[in-house]
Novice: 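Before we start, here is the structure in question, set down as structure tokens.
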Amino acid sequence: MRFALAGNPNSGKTTLFNALTGSTAKVGNWPGVTVDRKEGLYKKLDQPVSIIDLPGIYSLSPYTPEEVVARNYVVDENPDLIINIIDGTNLERNLYLTTQLLETDRPILLALNMIDLVRRDGTKIDAEALANKLGVAVFPISALTGDGIPEMMKAAYELAQKPRQGVSVLTGASIGEGLVKIEAMLRANSIEHPVFHAVKVMEGDKLEIAHLSPDIKEKIEQVKTSVPLREELEGDFEAAIADARYSYITDSLKDILVRNKNSMDLTASDKIDKILTDKWLGIPIFLLFMYLVFHLTFSESIFGIEIPSPGVWLQGLTEDLVGAVSDAVSGFLEANGAAEWTKGLVIDGVIGGVGAVISFLPQILMLFLFLSIMEDSGYMARAAFLMDRLLRRFGLSGKAFMPLLMGFGCSVPAMMGTRTLVSEQERRLTVMLMPFFSCGAKLPIWAMFSAAIFPHNSDMVVFFIYVIGIVTAAIAAIILQKTLLKGEAAPFIMELPPYHTPQLKNLMLHLWEKLKGFVIRATTIIAGSTVVIWLLSNFDFAFEMVEQNSAESILAVLGAMITPLFTPLGFANGEFAWKAVVAILTGLLAKEMVVSTMGVLYNPDVEGDALEDEEAGTALAATLATVFTPLAAISFMVFNLLSVPCMAAVASASGEMRSLKWMFTTICFWMGTAWIVSFLIYNGGALLGFK
């Protein structure tokens with residue numbers, strides 16, 4: 001059996017989905033559309049039930065990709081039951097979608113969510129009266145705490161086995177008589193969901209009308225001309241239907257919804273928002289929150305106290321673990337008489353490369369934990385609201401902030417998320433700016449260099465890198481909007497959910513997804529690539545083994561050919577300049593490869609003195625500290641931040657651009673921007689006396 005979850009954005013739909021499915025959830029994309037498709041299993045009934053989480057929508061009108069996906073699934077795929085989750089604190093607005101779902105021939109159950117907040121505010125909702133009015137079961141629940149969910153699912157299982165015919169709340173309105181006539185025509189032609197389609201045809205829905213025969217179209221037009229509308233609507237049936245729905249909802253709730261006499265007072269969320277979304281304070285507060293996140297993740301001390309931050313402490317433990325594994329494997333290979341090249345491949349290649357990335361995994365998870373807390377608490381929705389004011393000056397809307405924010409996690413789904421943007425100009429502009437928002441794969445680079453070169457200011461350095469990316473994106477957006485991508489940003493409407501305490505289960509599910517994806521990449525792409533890099537850096541073109549880090553190796557020769565292009569940027573100087581260049585090139589495959597490549601190429605030997613007693617991560621940091629000046633390290637990090645992302649992100653960008661010309665332009669734009677900004681930072685810093 002298949003149950004579809006349908007509801008408005010921020011109604012708690014995703015929280016309910018996570019509560020029902022837990023670790024069984026799978027995330028993909030709807031066929032042909034890059035809108036998230038989430039599916040999982042609920043296993044606490046007589047048989048497992050497939051739960052499909054439809055995109056958050058306000059109506060079933062086909063104006064956005066999300067609405068098209070939800071509408072097509074409900075009408076064409078015919079799920080066994082629709083669970084319409086509605087926010088009890090915004091009952092009137094949420095019921096608009098409900099009145100549309102009622103018109104389908106599918107069993108429906110209303111999940112009256114956030115009932116704990118409703119009761120806390122002193123509001124009373126007569127769920128039984130609402131059920132009688134709408135003709136469907138209504139269950140008060142709290143998706144966050146789990147209250148009422150088991151009872152709701154038992155009832156849903158029983159309802160799914162009973163047929164239901166669609167009804168419309170519009171039959172009592174002035175358009176009701178005409179609606180009944182159109183429904184009869186469609187039913188006579190054996191059209192499924194005749195009530196739903198009759199309403200859409202009366203609205204003038206182009207998708208619906210395109211499927212009708214000419215004679216039916218003519219009869220429907222005759223019916224519509226006989227329908228009495230108020231003078232001010234002037235034949236606008238879509239507006240008339242929307243007006244009728246809201247009138248029905250308002251009349252119905254008079255006796256069902258009883259607000260607390262103090263309900264007009266500011267709620268706790270309203271009071272907090274007066275500060276956090278203030279015109280002048282909002283963005284500085286957001287930046288302060290982000291700095292605190294970086295401080296607790298990357299700093300060597302906590303607010304001046306000489307103890308490592310949680311992220312640094314966990315990273316140290318992971319480094320010790322990687323070092324212990326390396327020592328154990330090395331001892332095993334020596335005891336069994338392994339050849340030198342075998343030990344080099346396994347210890348310096350696989351363990352050295354993969355271990356260099358894994359040692360920073362705790363800090364990556366720590367950062368995602370803090371960001372998930374901000375998202376689940378409701379604060380990130382406020383950040384999008386704040387950014388809408390700012391982004392409009394750069395040709396973007398607050399809706400573009402959503403995929404840009406996803407870019408802090410991974411550029412691939414973020415690129416795909418741009419398809420929800422209505423304007424092609426805004427979509428292309430967002431794709432072109434995406435790499436400037438540091439993804440999770442780049443975090444090991446910042447963590448490695450901040451620990452090696454800036455051990456006492458790690459948090460400030462990482463924060464600076466993120467700010468550089470955002471500032472560069474803002475400047476680039478202004479330039480692009482005035483040259484290649486002229487146009488106005490689309491209107492942006494969003495819901496600000498009440499603040500609430502994040503649920504531990506949801507946070508752990510988010511972290512598990514990140515951990516699982518990271519480990520898969522580390523044991524496949526990264527592990528395989530480090531082997532190739534080790535071979536290319538230890539053999540010459542005659543396939544004879546050379547000394548480690550020899551300038552005669554295949555990798556050194558190839559890297560040296562393009563090194564002059566990077567010399568003005570400060571990090572490609574000296575005898576082993578090619579190593580930094582090669583690390584940049586391997587980062588095109590996967591950004592984690594920058595760190596693993598350096599773990600292989602920058603042998604933990606400093607000027608011939610082996611650091612045999614150091615762990616691999618500490619030894620790598622010591623090596624980098626002698627090779628890179630602070631200014632060169634910043635330049636290297638900035639270039640990796642702004643340049644072409646990984647190949648998976650490039651492929652996603654190409655799919656959204658839908659033009660080889662635009663894709664070529666975008667790649668040149670990324671490389672040019674990275675080179676120019678790195679050049680300005682290094683040479684400008686040198687002029688000011690920095691090293």
Side-chain angles (χ1 to χ4, degrees), residues 411 432-436 438-439 441-442 445-446 448-449 453 465 468-469 472-473 475-476 479-480 529 532-533 536-537 540-541 549-602 623-624 626-647 649-650 653-654 663-687 690-691:
S411 295
M432 294 178 80
L433 300 179
M434 192 68 68
F436 303 162
S438 176
C439 70
K442 298 174 184 176
I445 307 174
W446 321 149
M448 176 181 67
F449 274 96
I453 316 294
I465 292 296
I468 281 289
T472 302
I475 297 173
I479 296 172
L480 289 170
S529 299
V532 174
I533 291 167
L536 294 177
S537 63
D540 60 18
F541 281 97
N549 298 327
S550 170
E552 298 176 357
S553 68
I554 298 173
L555 210 54
V557 172
L558 295 176
M561 293 172 64
I562 60 172
T563 295
L565 293 174
F566 298 92
T567 301
L569 308 186
F571 55 78
N573 295 306
E575 182 183 357
F576 298 117
W578 59 271
K579 296 182 182 180
V581 175
V582 169
I584 288 174
L585 296 179
T586 58
L588 297 178
L589 181 64
K591 286 301 177 184
E592 299 97 334
M593 287 301 302
V594 174
V595 174
S596 59
T597 299
M598 288 186 154
V600 174
L601 297 182
Y602 286 91
T623 304
L624 294 178
T626 66
V627 175
F628 288 84
T629 65
L631 193 56
I634 293 290
S635 177
F636 182 83
M637 287 190 283
V638 168
F639 189 89
N640 279 280
L641 167 69
L642 305 177
S643 66
V644 178
C646 66
M647 287 297 102
V650 170
S654 179
M663 197 60 232
F664 178 76
T665 302
T666 300
I667 291 175
C668 293
F669 168 74
W670 288 335
M671 292 299 296
T673 302
W675 197 95
I676 291 171
V677 176
S678 296
F679 177 86
L680 292 175
I681 286 177
Y682 180 76
N683 292 279
L687 286 175
F690 294 103
K691 297 182 179 180

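Note that the numbering runs from 1 along the sequence shown for the chain.
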Novice: Roughly how far apart are Met598 CE and Thr623 OG1, rounded to 0.5 Å?
Specialist: 11.0 Å
Novice: Evaluate side chain to side chain contact (heavy atoms under 4.5 Å, CB included) for Leu555 paired with Leu601, printing each intermediate quantity in order.
Specialist: CA-CA 10 Å; Leu555 210 54; Leu601 297 182; 3.9 Å; yes
Novice: Can you tell me how far the OG atom of Ser553 sits from the CG atom of Leu558, to the nearest 0.5 Å?
Specialist: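 Reported value, rounded in 0.5 Å steps: 8.5 Å.
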Novice: Determine the minimum heavy-atom distance between Phe628 and Ala580, stating which atoms define it.
Specialist: CZ-CB, 4.1 Å
Novice: Side chains of residues 632-645: which donor-acceptor partners sit under 3.5 Å, not counting sequence neighbours?
Specialist:
residue	atom	partner	partner atom	Å
Ser635	OG	Leu569	O	2.6
Asn640	ND2	Phe636	O	2.9
Ser643	OG	Phe639	O	3.0

Novice: For a 4.5 angstrom cut-off between non-hydrogen side-chain atoms, does Leu588 reach Met647?
Specialist: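 Contact flag for Leu588/Met647 side chains = yes.
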Novice: Just verifying a value: how many Å separate Ile584 CD1 and Lys591 NZ, rounded to the nearest 0.5 Å?
Specialist: 8.0 Å
Novice: How close do Ser438 and Trp446 get, counting heavy atoms only, and between which atoms?
Specialist: OG-NE1, 2.8 Å
Novice: How close do Thr563 and Ala577 get, counting heavy atoms only, and between which atoms?
Specialist: CG2-CB, 3.8 Å
Novice: Distance check, rounded to the nearest 0.5 Å: Phe566 atom CZ versus Leu585 atom CG?
Specialist: 6.0 Å
Novice: In chain order, what residues pass the ring pair (Phe, Tyr, Trp, His ring centres under 6.0 Å) check against Trp675, with sequence neighbours excluded?
Specialist: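 Counting only residues at least two positions away or on another chain, Trp675 forms a ring pair (Phe, Tyr, Trp, His ring centres under 6.0 Å) with Phe679.
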Novice: Can you find a pair of side-chain heavy atoms, one from Val650 and one from Trp670, that are under 4.5 Å apart?
Specialist: yes
Novice: To the nearest 0.5 Å, how far apart are CG in Leu680 and OG1 in Thr472?
Specialist: 9.5 Å
Novice: Is it true that a side-chain atom of Thr586 and a backbone atom of Ala583 form a donor plus acceptor pair closer than 3.5 Å?
Specialist: yes
Novice: Rounded to the nearest 0.5 Å, how far apart are SG of Cys646 and CD of Glu592?
Specialist: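 Spacing of SG (Cys646) from CD (Glu592) equals 8.0 Å.
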Novice: Does any non-hydrogen side-chain atom of Phe449 lie less than 4.5 Å from one of Ile465?
Specialist: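 Not in contact.
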Novice: Tell me the closest heavy-atom pair linking Phe669 and Thr673, and the distance in Å.
Specialist: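 It is O-OG1, 2.7 Å.
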Novice: Between Lys442 (side chain only) and Pro435 (backbone N and O only), is there a donor and an acceptor less than 3.5 Å apart?
Specialist: yes
Novice: Suppose we screen for side chain to side chain donor-acceptor pair (under 3.5 Å). Which residues come up paired with Ser678, at least two apart in sequence or across chains?
Specialist: none
Novice: Grab the two heavy atoms, one from Trp578 and one from Gly559, that are nearest each other, plus how far apart they are.
Specialist: CB-C, 3.9 Å
